[in-house]
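Read through the structure below, which is laid out as structure tokens, and then see the notes.
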Amino acid sequence: MRFLSAVQSLLPSGQDYAQVPRTWRGDLTAGLTVGIVALPLALAFGVSSGAGAASGLITAVVAGLVAAIFGGSHIQVSGPTGAMVVVLGPVIAIHGIEALAVVSILAGLMVVAAGVLKLGRVVSFLPWPVIEGFTLGIAIIIFLQQVPAAIGQNAGPSSNAAVSAVQAMRMSSVTEWLAALVLVTVVAVIMIIAPRIHSRIPGSIVAIVIASVMAEVLAMPVARIGALPDSLPMPTAPGWDGTLIITLAGPAATIAALAAIESLLSARVAASISDTGPYDADRELFGQGLASVAAGFFGGMPATGAIARTAVNIRSGGRTRLAAITHALVLLVVVYLATGPVSRIPLAALAGVLMVTAVRMVSFPALRSVLGSTRGDTVVLVVTAVITVSFDLIQAVGIGVLVAAFFALRALVKSSGVHREEISGPGQDGDSRIAVFRLDGALFFAAAERVLERVSEIRNVEVVILRMSQLQSLDATGARVIADIVNTLERRGITVLVKGVQDRHLRLVTKVGVLESLRHRKHLFTALEPAVEHARSHVVRNRGTSAQHN
């Protein structure tokens, strides 16, 4: 029953469309606008991944529709994205196009499982520098992946985008290079200028139309998209070969992790820049997983939430799921009515679109903010970006998080410590034989040894008071160190008094043996003044005992 209740909470409801009677005009307008913007991106991402333009278009239609209905965000627009292309390209290159459906369905099922298991909030643990470094690395890869098409060549044999780009440049002829570069330049210039003329001009569409006309009129020697299906294919199940499934399990897990991270990040950003309310992270995973599964059955590729298209949706007036649904239906109309003209679009024009898109992915103000903050944040961003470009996206996120954790731990250790204090108020004879130590910040495994050394080295005192009221965090290692301090000092004949153990720490210090290590239960105090008075009485008593012996 609990499982069924959890699944039911992830399913669509009539509440999803409660605002449609009030917002439908803006939703339809936004859906049309996003559909126009998404068309060249869907085609370009399909080509860049190696799956083909048709696969990109099918993904935008099928996955875009399913994610809009089942996803956890009212305004998220989903489809093929640059990050997914970066991961999917090597999989197709190694295992062939027949692996596309299997890996899409496997990855989608993993993301669905993550939603059912309520793992949606995990993305909130990703540090900001990791996200910015990850985005920067993806943008660089997408840009480099377009270099071969931009110079009229096939991609080089290397799986690394930078090496592949260099290999392609070495194989290019002057005529092909110049023709492709002219189209890339025209597209880039139009996309940059169009928004400055009017914010609602779809720069990418205008640029592709002009570049395609130029290529036809001037008979330019550039490669075209080629034939596209003029209808949506019937869903077909892939061949479930056991060996292939085992082989693709690892890549599918990487794709699933990327799909989850990118979709949740996109949904979180969308919620922060719109007035449509929060998103359901677990339902978003559930919906995005179903979208990738559906796309796989139709010959598409894994999909994620797309922040660029989502942002266009918000700016164009989209407020409910109707906008994202409309965007998918607009692309479906293109499949049935306009595949002929679309097939003549030069690949160089799509490369130009993606190059500009890659540059726009990077938030330069955000980069400056991170690079101008702390040395640790700068290192985290740079390390994440370099590993993303050089090795693997998911490894980059993992290593970035570990580096960020290292610097966070280091900062926490620096904020924690032990300080010797003077006894407040009028001094009394014998106060020099009393040492008061205040434990600050967090006393945990990384800082405990330093505290032990600092307190244990004390000399020429008879009583030590440990103040724990300012201790914000304590783990088992820290509590064990306090017990070791007490035992070490007591063995040397120094009486230890403990003051201010917080209620939330009392159970831990009791379990670990701090209280047992005290000479007497009365050596535990809640206030400093009684502890000081007790310490002074010890000093006086010890002096009396010494005098009697003398």
Side-chain angles (χ1 to χ4, degrees), residues 411-550:
L412 195 58
V413 170
K414 288 184 176 181
S415 70
S416 63
V418 56
H419 307 278
R420 184 169 180 177
E421 295 181 327
E422 296 294 330
I423 298 175
S424 59
Q428 295 185 19
D429 187 27
D431 281 358
S432 61
R433 309 293 294 174
I434 302 172
V436 180
F437 288 98
R438 186 185 76 247
L439 303 180
D440 286 335
L443 184 57
F444 64 116
F445 66 92
E449 192 66 28
R450 186 161 56 94
V451 173
L452 177 61
E453 294 175 358
R454 175 76 173 85
V455 179
S456 299
E457 69 184 10
I458 190 70
R459 295 289 186 273
N460 302 320
V461 299
E462 297 177 23
V463 182
V464 168
I465 301 175
L466 297 178
R467 294 187 59 188
M468 296 178 59
S469 55
Q470 301 300 312
L471 203 56
Q472 300 302 314
S473 178
L474 181 69
D475 70 356
T477 304
R480 185 66 241 174
V481 163
I482 295 176
D484 290 343
I485 290 172
V486 175
N487 289 323
T488 300
L489 296 177
E490 290 285 355
R491 282 195 300 267
R492 287 163 43 194
I494 300 173
T495 301
V496 180
L497 310 180
V498 174
K499 174 265 171 186
V501 177
Q502 300 177 42
D503 291 340
R504 58 196 175 110
H505 298 153
L506 186 58
R507 182 175 178 273
L508 176 59
V509 298
T510 302
K511 286 282 189 182
V512 173
V514 174
L515 302 186
E516 290 181 3
S517 63
L518 294 175
R519 189 178 302 178
H520 197 283
R521 293 284 296 191
K522 289 183 178 180
H523 290 178
L524 180 65
F525 296 85
T526 58
L528 182 60
E529 290 77 9
V532 172
E533 290 302 319
H534 195 88
R536 284 169 173 167
S537 70
H538 266 278
V539 172
V540 171
R541 187 164 54 251
N542 288 343
R543 284 186 174 182
T545 303
S546 298
Q548 288 177 5
H549 285 302
N550 292 333

Please report the shortest heavy-atom distance between [X] and [Y], naming the atom on each side.
X      : Y      : value
Arg536 : Ile423 : NH2-CG2, 3.6 Å
Val461 : Ala435 : CG1-CB, 4.1 Å
Leu508 : Ala479 : CG-CB, 4.0 Å
Asn460 : Arg433 : O-NH1, 3.1 Å
Val463 : His538 : CG2-CB, 3.8 Å
Ile485 : Ser456 : CG1-OG, 4.4 Å

Within 6.0 Å of [atom1] in [X], more than 12 heavy atoms from elsewhere:
X      : atom1 : answer
Glu516 : CD    : no
Arg459 : CZ    : yes
Glu457 : CD    : yes
Arg504 : CZ    : yes

Let me confirm one number: the [atom1]-[atom2] distance from [X] to [Y], rounded to the nearest 0.5 Å.
X      : Y      : atom1 : atom2 : value
Leu518 : Ile482 : CG    : CD1   : 10.5 Å
Leu466 : Lys499 : CG    : NZ    : 11.5 Å
Ile458 : Thr488 : CD1   : OG1   : 13.5 Å
Arg438 : Leu528 : CZ    : CG    : 11.5 Å
Thr510 : Leu515 : OG1   : CG    : 4.0 Å

Name the residue from His419, Gln470, Met468, Arg467 that meets the side chain to side chain contact (heavy atoms under 4.5 Å, CB included) definition with Leu439.
Met468

Can the ring centres of His534 and His520 be said to be less than 6.0 Å apart?
no

Heavy atoms, side chains only, cut-off 4.5 Å: are Val514 and Val501 in contact?
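Val514 does not reach Val501 side chain to side chain.
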
Going through the checks in order, is the side chain to side chain contact (heavy atoms under 4.5 Å, CB included) test met by Leu489 and Val455?
CA-CA 9 Å; Leu489 296 177; Val455 179; 4.1 Å; yes

Full working for side chain to side chain contact (heavy atoms under 4.5 Å, CB included) between Arg519 and Glu490:
CA-CA 8 Å; Arg519 189 178 302 178; Glu490 290 285 355; 2.7 Å; yes

Is there a donor-acceptor pair under 3.5 Å between the side chain of Gln502 and the backbone N or O of Leu471?
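Indeed, once roles are kept as given, a pair shorter than 3.5 Å links the two residues.
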
With a 3.5 Å distance limit and no angle check, can you tell me whether Arg480 reaches the backbone of Val512 through a side-chain donor-acceptor pair?
yes

